[in-house]
Amino acid sequence: MTSHATEVDLEELLRKALDSSGAGPRWTTDADEMWCRITPLTATQRDQGWKLHVSATSASAPAVLTRALDVLLREESAFKFARSLEKVGALNSRATPRGSSGKFITVYPRSDAEAARIALELHRATEGLAGPRILSDQPYAVNSLVHYRYGAFVGRRRLSDDGLLVWFIEDPDGNPVEDKRTGQYAPPSWAVSPFPASVPVPTRDRGKRDGPVLLGGRFSVREAIRHTNKGGVYRGTDVTTGAPVVIKEARPHVEADASGHDVRDWLRAEARTLRSLDGTGLAPEPVAMFEHAGHLFLAQEEVPGVPLRNWVAEHFRDAGSERYRSDALAQAARLVDLVAAAHAHGCVLRDFTPGNIMVRPDGELRLIDLELAVLKGDTALPTTVGTPGFSAPERLHDAPVSPTADYYSLGATLCFVLAGKVPNLLPEEPATRPSEQRLAEWLVACEATLDLPDGLRETILGLMRDEPTERWDPARARTALRRTERELPYRRHHHTTAANRTAANRTDARHDQTQTAVAGIVEHLVDSMTPDDDKRLWPVSTMAGETDPCTVQQGAAGVLAVLTRYFELTGDPRLPELISTAGHWTAARTDLDSVRPGLHFGGRGTAWALYDAGSAVGDRALMDHALALALAPQTPTPSHDITHGAAGSGLAAAHLWHRTGDPRLADLVVDAADRLAAAARREPPGVSWPVPAEAVSEEAGKRYLGFAHGTAGIGCFLLAAATVADRRDYTELAVEAGEHLVAHAVLVGEAAQWPAQGTDPPTAPYWCHGSAGIGTFLVRLWRATGDDRFGDLARRATHAVVERASRAALTQCHGLAGNGDFLLDMAEATGETSYRTMAEHLARLVVAERAHRAGHVVFPNEYGDVSTSWSDGSAGILAFLLRIRHTEPRRWMI
């Protein structure tokens, strides 16, 4: 972005317009980080209706705003605009969700008639200026910056059937309807448009088209590979030759800078690169570049195979760890040769990642998505766009084009292939530990579960040096890889003794790091609590959706439970007051007249946390509220599972019965178990609980196997219910659930894996759906029955967990914390210390990805966010690390 553009202050344009028009006294203004809001003093705003959006680019935004203000300040409808050119650029980024991209100005008309009149005036005022198409809306006219959609004017949210907070509007009968913001114009059927039908509304049902989509009069589209804000990528056929092609789309004005460059220029650059590499075998052959409906398209040869990112996950799953290790080493050598060959042809790649490399059926590699590549002698488009974890740090700050940045990306890609991931090393404050030091610590932590030869670790670190001039080039990396291959037989023979000796020497250092991590997490949780905030007590990530602020999964109850346990273990004098405050904040926001079922998303999980907190600090009022919450009638649910349904409600009631002896809680346990017995579907060789159609419609009929949403979690509750009620039939039903899981186990080498549901391939071995959660149930079923089949599968599940350790995220639901808790369960159940040792290895991997920030310790979740929650944040990690340091029961288990 050029300097003269960045000097334009959009809020100053508003102030000048208010002054010059004399309209200032009629309006109030306020701003947050993203938006500047302007509200008339006299108007009453509707809750919902037809609203207007006006798009702009970073270059056109000042002119668009100036002309729009000339219209809007004469009206009495509230509006807002992105408060800076930087925010405008963010709205138009290729990474922005399609449902919210491009919306520079939003207008909230007072009536439908006013919406139509203002839309016409805004269209006339901004005609001829540049701005992207807003995908969630209907354009007012062809090439208009003005768009419209029906939706909410005010922030009204409710919990959906799956427990997530969603925006909603009301239908004419007053029923709530989710206000979905997607990349497609889809007004409610009952909302009558007041706008002229000047632009055809695209059909939502491709099946009703007369034939396949034909782009450029030549390319028939078979399917979409993906849709992003910058445009789609499609598989198709060249109807003139019958050859399969991939077609890439670039939408006008997306990722536009102040000089007018946008993603169309990137696509043109990719076409030049493909032409330059044509015939080398390094990349697809270009076929044609063309425009269609104002969008730019590039058709290129379709490369058969799968992206390297998919190959890594699928080949590891299917081949097993031993065979994968050998194949990964061969793949590493091909990757080094691929980068060297690209550089030899004068091409600096700038975005060499596992997503941009295809693995052909014969194992050979091809480069794809070369939109950021730069040919020798070409002028590179200025950009800070890159792939976090794989792009060299200087690349993300628009450093000059250099092959040394590709060396870094090569090292990261080798790390991904060999270890299964690249660690997410969040920025530290202050930045006292160099990134290469932190990466080295993580690679050392991988030793116990990954068995990488020293030469591979040295190669990765050499390629990923912080200083670009010190990075290894492909020739040096190739030499190191060949030496590693020669040493590999000796390494395998002597690895165990050497690894044990190394591990023994590092025991004290690991203990210190774990202790530092625990203390830093607690500091973060203590300092980040905001009891004056009415919406959230602790900050959480909302990348996967946002839940009720009081629940276990992502709310206050999950953090409160872990801090309560930390206080019980340590007596930290800061915590009694904090626990009481957090407990009463949570209790004040639980509605006893509307209690949702389930443990992690429901009211009884919250009651569990509140009762334990009140007991720990001697707060009788909290304990009484918790008991009232647990005994309160729950909203009806067809869900059976632990997280949302009857099993989770029953498990929480069982815990509270153990704590209180209250017979009413025992009755609730029996009621939940009887409901599950009635809903069980018996089919040889066991029993399962299909998702009912009335639960979540798109899930209807699915038979999940895992702990969170399926058979394993339900079976675990039935074992607990059998103890509470002294009912043998509950144990027998749990055994049938175990038989169902035995039948669906997939054995690969020593490891036992499971699909998410019976028709799927095996899934990752996490608590939610995979081996860690299923093993959590099976080891308990083994202890209850003595049936060694269940115990053997639980042992095999530990192999799946350990083999995948270096590949995993860090958290409870889908990561190392939940997997480590399962290993500690195994240690407790079997008395075998090897399982605790395995759990300690996982703890090392967790701690190695820590980031220090002003006395706090934080961790990335699987989306790269920092969160405090139980499911995907610090609270769940802290719970696991506390079990490493103190032998104690697992959270949310009986």
Discussion item. Applying side chain to side chain donor-acceptor pair (under 3.5 Å) to His625 and Thr590, what does each step give before you reach the verdict?
Written reply: CA-CA 9 Å; His625 182 87; Thr590 53; 2.7 Å; yes
Fill in: Audit row: Ser160, Glu178, side chain to side chain donor-acceptor pair (under 3.5 Å) steps and yes/no
CA-CA 8 Å; Ser160 66; Glu178 184 177 352; over 6 Å; no
Worksheet item: Is the number of heavy atoms from other residues, nucleotides or ligands within 6.0 Å of CZ (Arg885) greater than 12?
Response: yes
Practice prompt. Report, as yes or no, whether the 6.0 Å neighbourhood of atom CG on Asn175 holds more than 12 heavy atoms from other residues, nucleotides or ligands.
Written response: yes
Can you find a heavy atom in the side chain of [X] that is under 4.5 Å from one in the side chain of [Y]?
X      : Y      : answer
Arg844 : Thr449 : no
Leu656 : Asp662 : no
Leu159 : Leu164 : no
Leu705 : Pro755 : yes
Leu525 : Val562 : no
Leu629 : Val595 : yes
Ser594 : Thr635 : yes
Tyr835 : Arg795 : yes

Roughly how far, to the nearest 0.5 Å, is [atom2] of [Y] from [atom1] of [X]?
X      : Y      : atom1 : atom2 : answer
Gln554 : Thr542 : CD    : OG1   : 7.0 Å
Leu718 : Thr723 : CG    : OG1   : 11.0 Å
Leu599 : His644 : CG    : NE2   : 11.5 Å
Thr606 : Leu560 : OG1   : CG    : 9.5 Å
Leu781 : Glu739 : CG    : CD    : 8.5 Å
Arg780 : Met893 : CZ    : CE    : 3.5 Å

Practice prompt. Assess whether salt bridge (charged side-chain N to carboxylate O under 4.0 Å, His left out) is satisfied between Arg317 and Glu314, documenting all intermediate values.
Written response: CA-CA 5 Å; Arg317 177 195 69 201; Glu314 295 168 5; 5.1 Å; no
Hey, does the side chain of [X] reach the backbone of [Y] with a donor-acceptor pair shorter than 3.5 angstrom?
X      : Y      : answer
Thr643 : Ala708 : yes
Ser639 : Ala646 : no
Arg181 : Gly99  : no
Arg883 : Glu888 : yes
Trp608 : Trp892 : no
Ser806 : Cys446 : no
Thr586 : Ala582 : yes
Gln812 : Gly876 : yes
Thr868 : Pro539 : yes
Ser649 : Gly598 : yes

Which heavy-atom pair separates [X] from [Y] by the least distance, and what is that distance?
X      : Y      : value
Trp767 : Asn819 : N-OD1, 4.0 Å
Ser771 : Phe822 : O-CE2, 4.4 Å
Arg536 : Pro549 : NH1-CA, 3.4 Å
Ala879 : Trp870 : CB-CZ3, 3.4 Å
Pro638 : Pro692 : O-CG, 3.1 Å
Val724 : Trp657 : CG2-CE3, 3.7 Å

Discussion item. Parallel, tilted or perpendicular: which one describes the rings of His709 and His769, with boundaries at 30° and 60°?
Written reply: tilted
Practice prompt. Look at the rings of Phe316 and Tyr324 and say which category their plane angle falls in: under 30° parallel, 30 to 60° tilted, over 60° perpendicular.
Written response: perpendicular
Item to complete: Determine, step by step, whether Lys421 and Glu849 satisfy the salt bridge (charged side-chain N to carboxylate O under 4.0 Å, His left out) criterion, reporting the C-alpha distance in whole Å, the side-chain angles of both residues, the deciding distance to 0.1 Å, and the verdict.
Response: CA-CA 12 Å; Lys421 79 170 188 179; Glu849 279 194 72; 2.5 Å; yes
Discussion item. Checking Asp548 against Leu165 for the side chain to side chain contact (heavy atoms under 4.5 Å, CB included) test, could you report, in this order, the C-alpha distance in whole Å, the side-chain angles of both residues, the deciding distance, and whether it holds?
Written reply: CA-CA 7 Å; Asp548 182 308; Leu165 287 167; 5.8 Å; no
Item to complete: Report the residue from Asp865, Leu878, Asp872, Val846 that forms a side-chain contact (heavy atoms from CB on, under 4.5 Å) with Phe859.
Response: Val846
Practice prompt. Look at Glu546 together with Lys535 and state whether they make a salt bridge at an N to O cut-off of under 4.0 Å.
Written response: no
Discussion item. Do the side chains of Asp821 and Arg891 get close enough for a salt bridge, i.e. N-O under 4.0 angstrom?
Written reply: no
Worksheet item: Val735 and Thr785: side chain to side chain contact (heavy atoms under 4.5 Å, CB included), yes or no, with the steps?
Response: CA-CA 8 Å; Val735 170; Thr785 65; 3.7 Å; yes
Discussion item. Run Arg675 and Asp671 through side chain to side chain contact (heavy atoms under 4.5 Å, CB included) and show every step you take.
Written reply: CA-CA 6 Å; Arg675 288 174 182 269; Asp671 177 68; 3.0 Å; yes
Discussion item. Run the salt bridge (charged side-chain N to carboxylate O under 4.0 Å, His left out) test on Asp825 and Arg890 for me, step by step, so that the C-alpha distance in whole Å, both residues' side-chain angles and the decisive distance to 0.1 Å come before the verdict.
Written reply: CA-CA 8 Å; Asp825 288 354; Arg890 185 173 180 177; 2.6 Å; yes
Discussion item. Would Asp612 and Arg659 count as a salt bridge (charged side-chain N to carboxylate O under 4.0 Å, His left out) here? Give the steps.
Written reply: CA-CA 9 Å; Asp612 288 358; Arg659 294 298 307 269; 2.6 Å; yes
Worksheet item: Run the side chain to side chain contact (heavy atoms under 4.5 Å, CB included) check on Leu719 and Arg783 step by step: do they pass?
Response: CA-CA 10 Å; Leu719 289 179; Arg783 292 191 71 180; over 6 Å; no
